[in-house]
Novice: 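My structure is below; once you've seen it, I'll send some questions.
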Amino acid sequence: MKFTLPALSYDYDALEPFIDERTMSIHHTKHHMAYINNLNNELEKENKVIASLDQCLRNIDNYSEIIRNNAGGHYNHSFFWQILSKASSEKDISENLASDINKYFGSCEKLKDQFSTMAMQHFGSGWIWLCVDKNKELFIVNSRNQDNPLMGEKYVKKTGTPILGLDIWEHAYYLKYQNNRKDYVSAFWNIINWQTVSELHETYIKMCV
Ligand code: MN3
């Protein structure tokens with residue numbers, strides 16, 4: 001099975017002015033595509049088959065570093081596109097998620113502060129994640145390069161399942177924001193698909209037993 005580029009559910013200019021059309025187009029058709037091509041090529045070269053990307057990431061030590069980087073890149077970007085929306089409203093945060101945000105962070109504003117601070121302090125390329133852990137608790141963690149909280153504690157400080165993520169590689173914002181990561185991170189809060197984030201939260205807390 002070859003991995004293919006998933007279509008976006010919105011146009012490249014849908015997230016303007018927060019993320020510009022050119023960045024979205026290049027990010028999707030060049031950067032994301034490159035991870036998929038590299039992943040397919042490497043799987044063929046190593047004569048390996050991945051049945052599920054999720055299972056691959058959860059057992060990442062069975063794979064080479066090239067597969068880890070590119071499977072991570074494919075998963076992370078596919079995830080990222082899903083949790084963005086031009087029709088973003090915090091009113092879409094489910095009751096359960098709102099209640100857990102208050103429980104683990106104090107308020108939605110405090111969650112944003114903690115997440116944004118980690119995004120600003122992260123050195124180099126990577127991602128910031130809001131996750132659910134095995135005890136259904138929400139937490140924020142960062143990952144380097146295309147690593148991911150599913151990959152285990154060798155790669156992130158705490159393991160969990162992402163329900164929200166932000167790409168902080170420069171390719172995600174440089175055309176519009178140049179070196180100003182802070183404005184990009186602030187803009188992010190205007191384009192979150194809270195309905196999808198709430199659905200992911202609901203799914204994963206049900207899976208925890
Ligand atoms: Mn990216």
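Counting starts at 1 for both ligands and their atoms, in listed order.
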Novice: Any side-chain heavy-atom pair from T161 and R58 closer than 4.5 angstrom?
Specialist: yes
Novice: Please determine whether H32 has a backbone or side-chain N, O or S atom lying under 2.8 Å from the Mn ion (ligand 1).
Specialist: no
Novice: Under 3.5 Å, is there a donor-acceptor pair linking the side chains of Q146 and N69?
Specialist: no
Novice: Looking from the Mn ion (ligand 1), what is the angle between NE2 on H171 and NE2 on H77, to the nearest 10°?
Specialist: 130°
Novice: Quick one: does S198's side chain get under 4.5 Å of L97's, heavy atoms only?
Specialist: yes
Novice: State, with a plain yes or no, whether a side-chain heavy atom of K176 is found less than 4.5 Å away from one of I19.
Specialist: no
Novice: Starting from the Mn ion (ligand 1), look over the N/O/S atoms of D167 and name the nearest one.
Specialist: OD2
Novice: For the Mn ion (ligand 1), decide whether H31 has an N, O or S atom at a distance under 2.8 Å.
Specialist: no
